[in-house]
Amino acid sequence: MPSQNNTGRQFDKRHSVTIVAMAALASCRFAAYDGGYPNATGGAKDVQGVTENAADIGEAVALTTSYSALVEAGAAIAFGVLVTTDATGRAVAGTAADHCGRALGASTAAGQLIEVQLYKHVHA
């Protein structure tokens, strides 16, 4: 069954890595290469993956890095749109010039989980 018909609660994890959290990280949020939350500056602050569980500073946390993951929405998101991250790692609508995935589900409000197909973080 396609994920848009399954309330966004499925995903297809293909690969993961473990990092050390350099900030307190919540579950199901985008995380950066430097162990914090990503932002638009690029480099170590680009999205590396999505947290599989919460982690405090200094704790190890697994990140889903390939194909798709469940991500907490930071706002309403329509199925199929490009997504990027807000300051706390939640998925929000992105643009062709700034995105790190595509919504494979939809949310009607912040706090809902949606499946996101993971892309390399783009800043044009």
Side-chain angles (χ1 to χ4, degrees):
M1 177 183 304
S3 62
Q4 67 270 23
N5 296 326
N6 196 25
T7 66
R9 301 232 183 244
Q10 69 182 35
F11 67 102
D12 185 2
K13 174 183 158 182
R14 300 265 174 102
H15 187 263
S16 67
V17 298
T18 302
I19 64 168
V20 174
M22 300 309 284
L25 299 173
S27 178
C28 299
R29 304 270 182 108
F30 290 113
Y33 286 90
D34 71 354
Y37 287 121
N39 63 36
T41 62
K45 295 305 289 181
D46 276 349
V47 169
Q48 182 176 15
V50 176
T51 57
E52 294 183 12
N53 53 294
D56 288 326
I57 295 172
E59 291 183 334
V61 61
L63 304 180
T64 300
T65 59
S66 182
Y67 195 69
S68 72
L70 292 178
V71 181
E72 183 179 339
I77 297 175
F79 169 76
V81 301
L82 292 169
V83 297
T84 191
T85 178
D86 69 8
T88 61
R90 298 180 304 173
V92 293
T95 66
D98 183 18
H99 62 273
C100 53
R102 183 172 300 276
L104 298 180
S107 69
T108 57
Q112 296 175 340
L113 294 177
I114 62 168
E115 182 183 13
V116 173
Q117 184 174 359
L118 305 174
Y119 296 164
K120 180 182 185 300
H121 206 153
V122 171
H123 308 287

Tested for side-chain contact (heavy atoms from CB on, under 4.5 Å) against His15, the lone hit among Leu118, Leu63, Thr65 is Thr65
Shortest non-hydrogen pair, Ala106 vs Phe79, comes out as CB-N, 3.8 Å
Notebook entry, point to check: Under the side-chain contact (heavy atoms from CB on, under 4.5 Å) criterion, do Val50 and Val116 qualify, and how do the steps go?
Noted result: CA-CA 10 Å; Val50 176; Val116 173; over 6 Å; no
Minimal heavy-atom distance between Gly80 and Arg102, with the atoms involved, is O-NH1, 2.5 Å
Residues Ala31 and Leu25: closest non-hydrogen pair is CB-CD1, 4.4 Å
Interatomic distance, SG@Cys100 vs NZ@Lys120, rounded to 0.5 Å, equals 11.5 Å
On a heavy-atom basis, the closest approach of Ala60 and Thr18 is CB-CG2, 3.8 Å
Between Ala44 and Ala32, the two heavy atoms sitting closest are O-CB, 3.4 Å
Is there a side-chain contact between Lys13 and Thr64 (heavy atoms, below 4.5 Å)?
yes
Rounded to the nearest 0.5 Å, the CG atom of Asp34 sits from the CD atom of Gln48 at a distance of 9.5 Å
### Message
Please determine whether side-chain contact (heavy atoms from CB on, under 4.5 Å) holds for the pair Leu104 and Tyr67, giving the CA-CA distance in whole Å, both sets of side-chain angles, and the decisive distance to 0.1 Å.
### Response
CA-CA 11 Å; Leu104 298 180; Tyr67 195 69; 4.2 Å; yes
From the list Ile77, Val71, Thr95, side-chain contact (heavy atoms from CB on, under 4.5 Å) with Val83 holds only for Ile77
Rounded to the nearest 0.5 Å, the CG atom of Leu70 sits from the CD atom of Glu115 at a distance of 7.0 Å
Nearest heavy-atom approach of Arg29 to Tyr37 is CB-CE2, 3.9 Å
Yes or no on side-chain contact (heavy atoms from CB on, under 4.5 Å) for Glu72 and Ile114, after CA distance, side-chain angles and deciding distance?
CA-CA 6 Å; Glu72 183 179 339; Ile114 62 168; over 6 Å; no
